[in-house]
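The structure appears right after this line, and notes come after that.
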Amino acid sequence: MTSEPPQTPAWDYTLHIPHDPLAPRIARRTLRTILAAYEVHELTDTAELLTSELVTNAHRYARGPASVRIRRDGKRLRVSVWDTDPALPNLTGGAAPDPDDERGRGLGLIRSCADDWGGFTLGETPFGGLGGKLLWFELGAARHV
Ligand SMILES: Nc1ncnc2c1ncn2[C@@H]1O[C@H](COP(=O)(O)OP(=O)(O)OP(=O)(O)O)[C@@H](O)[C@H]1O
Ligand SMILES: [Mg+2]
């Protein structure tokens with residue numbers, strides 16, 4: 001009789017963050033704590049770098065609070081960052097930044113290091129709704145084509 005390999009249980013955490021310059025550091029440390037507790041060592045450094053870029057952007061370009069959702073399902077790790085600004089950045093990328101440019105690298109790191117990524121705006125309705133937008137990336141999944 002063949003036995004199925006053990007399935008890793010799915011899990012899901014959300015960190016709500018104020019519009020505060022400490023938020024990227026707190027998000028990085030929270031992510032690291034969660035991944036260490038679940039022994040997801042191989043994805044930690046990349047997940048921390050990309051989460052830091054998205055949370056830093058949320059602080060820099062949106063005026064309100066933000067949130068970070070960290071989900072694991074099978075081998076896939078998905079990090080989603082919500083912020084209050086509905087404007088979506090160019091996710092497909094334009095020209096690479098000039099070597100002397102001090103800005104313009106964060107989303108390029110997402111594109112080159114994540115297996116998949118994306119973003120969408122969240123509509124506001126007369127009954128409420130979050131508004132803003134959500135940018136996400138996945139590691140440990142099939143490579144983005
Ligand atoms: N959360 C966001 N909301 C609105 N616009 C964004 C957001 N994130 C990125 N952008 C836009 O996309 C551009 C590229 O973002 P990216 O993170 O690649 O570079 P940067 O933030 O300008 O510089 P760096 O990340 O290298 O410090 C930004 O300059 C900004 O115009
Ligand atoms: Mg940036």
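Remember, it's 1-based here, ligands and their atoms both numbered in the order they're listed.
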Closer than 4.0 Å to some heavy atom of R103 - which atoms of ligand 1 meet that? 22 (O), 23 (O), 26 (O), 27 (O)
Looking at D73 and R78, is there a salt bridge between them, counting it only when a charged N and a carboxylate O are closer than 4.0 Å? no
For ligand 1, which atoms sit closer than 4.0 Å to a heavy atom of K133? 1 (N), 2 (C), 3 (N), 4 (C)
For atom 15 (O) of ligand 1, the option (of L107, L88, L135) bearing the nearest heavy atom: L107
Identify which protein N/O/S atoms are less than 2.8 Å from the Mg ion (ligand 2). N57 OD1
Where does D83 meet ligand 1, judged by heavy-atom distances below 4.0 Å: at the side chain, the backbone, both, or neither? side chain
List ligand 1 atoms under 4.0 Å from D85, heavy atoms only on the residue side. 4 (C)
Here the atoms of ligand 1 under 4.0 Å from any heavy atom belonging to E53 are 25 (O)
Would you mind running through ligand 1 and noting each atom that sits below 4.0 Å from a heavy atom of R60? 20 (P), 21 (O), 23 (O), 24 (P), 27 (O)
Assess A87 for proximity to ligand 1: is some non-hydrogen atom of it under 4.0 Å away? yes
Hydrophobic cluster membership, L50 vs Y13, 4.5 Å side-chain cutoff: yes
Looking only at non-hydrogen atoms, which of N57, V81, L134, L54 approaches atom 8 (N) of ligand 1 most closely? N57
